[in-house]
Amino acid sequence: LFYSQHPNGEEDHNSIHGGCPVLHGEKWAANLWVWNGPRGGFPGAPNNPGKERISNNDHGKVEVIFQNTGEDPQFEEAKLYFQDTYWGEFSHGDPPLSVNTFDGHEWNVRRISDHKLLKRIVIKGNK
């Protein structure tokens, strides 16, 4: 396992690599790609340039439950995103999604078919 990015999300040019050609017999390989982007909100979290800085303590931490009530037809087939990162299924009948988040975090609900933004939710304390 190796990382192709520095903790702040910048590309690590020292991670460039390649494979050798097969001269005799067979070559087997297996890859498992893991996305591991910068995340704030915990002690020692790296800074993510261009994003808000999050305190390294629990001040501003909010426990949120996102639930699709099934009453609004525009949310019939939807997904929940933290900013632009997929978080979970959010269509009618899907189970609620519980998250720990922070003041100022942006959550987006997008339609599955065309990825259209249906709703932006900005976390504001315990409101």
Side-chain angles (χ1 to χ4, degrees):
L1 177 67
F2 67 94
Y3 292 94
S4 60
Q5 293 180 323
H6 294 290
N8 66 358
E10 294 176 11
E11 182 180 357
D12 182 351
H13 296 284
N14 292 321
S15 69
I16 296 174
H17 64 285
C20 296
V22 177
L23 301 178
H24 302 285
E26 296 178 341
K27 180 178 183 178
W28 289 65
N31 293 319
L32 176 62
W33 295 90
V34 178
W35 181 82
N36 188 6
R39 297 186 323 179
F42 57 92
N47 293 334
N48 191 357
K51 305 293 181 190
E52 71 174 289
R53 186 161 190 157
I54 298 171
S55 171
N56 286 335
N57 56 37
D58 279 353
H59 298 293
K61 179 178 170 183
V62 182
E63 295 177 18
V64 177
I65 298 174
F66 293 103
Q67 184 171 7
N68 186 335
T69 63
E71 295 173 6
D72 190 332
Q74 75 171 338
F75 299 116
E76 185 174 358
E77 294 185 1
K79 292 184 179 187
L80 179 68
Y81 292 79
F82 171 69
Q83 297 172 348
D84 290 325
T85 303
Y86 169 77
W87 194 265
E89 297 298 316
F90 198 67
S91 296
H92 289 184
D94 285 330
L97 297 167
S98 298
V99 301
N100 292 322
T101 189
F102 288 83
D103 285 332
H105 278 184
E106 292 183 9
W107 293 86
N108 297 305
V109 179
R110 295 187 177 275
R111 187 168 39 221
I112 292 173
S113 62
D114 59 4
H115 204 62
K116 178 184 177 187
L117 179 65
L118 301 175
K119 184 171 183 118
R120 173 166 285 134
I121 303 159
V122 179
I123 302 302
K124 297 184 191 296
N126 290 321
K127 299 178 183 176

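Numbering starts at 1 and runs along the sequence shown.
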Residues which pass side chain to side chain donor-acceptor pair (under 3.5 Å) with Asp94, listed by chain and number, not counting sequence neighbours: none
[X] and [Y]: which non-hydrogen atoms are nearest, and at how many Å?
{"X": "Ile65", "Y": "Pro96", "answer": "CG2-CB, 3.7 Å"}
{"X": "His92", "Y": "Glu71", "answer": "NE2-N, 4.4 Å"}
{"X": "Ile112", "Y": "Ser91", "answer": "CD1-OG, 3.8 Å"}
{"X": "Val109", "Y": "Ala78", "answer": "CG1-CB, 3.7 Å"}

For Phe66, give me all partners under ring pair (Phe, Tyr, Trp, His ring centres under 6.0 Å), at least two apart in sequence or on another chain. Trp107
Any residue meeting side chain to side chain contact (heavy atoms under 4.5 Å, CB included) with [X], in chain and number order, not counting sequence neighbours:
{"X": "Asp84", "answer": "Arg110"}
{"X": "Asp114", "answer": "Arg111, Lys116"}
{"X": "Gln74", "answer": "Asp72, Leu118"}

In Å, rounded to the nearest 0.5 Å, how long is the span from CG of Leu97 to CZ of Phe82? 14.5 Å
Once rounded to the nearest 0.5 Å, what's the spacing between atom CG of Asn108 and atom CZ of Phe90? 11.5 Å
Can you give the donor-acceptor pairs under 3.5 Å from side chains of residues 23-30 to other protein atoms, not counting sequence neighbours?
from: Glu26; atom 1: OE1; to: Trp28; atom 2: NE1; distance (Å): 3.1
from: Lys27; atom 1: NZ; to: Cys20; atom 2: O; distance (Å): 2.7

Return the set of residues passing salt bridge (charged side-chain N to carboxylate O under 4.0 Å, His left out) with Glu77 (not counting sequence neighbours), or none when no residue passes. none
Determine the sole option in Thr101, Asn100, Ile121 for which the side-chain contact (heavy atoms from CB on, under 4.5 Å) test with Val64 is passed. Thr101
Could you check whether any side-chain heavy atom of Val62 comes within less than 4.5 Å of a side-chain heavy atom of Lys124, counting everything from C-beta outward? no
Can you list, by chain and residue number, the hydrophobic cluster partners of Tyr86 when the side-chain cut-off is 4.5 Å? Tyr81
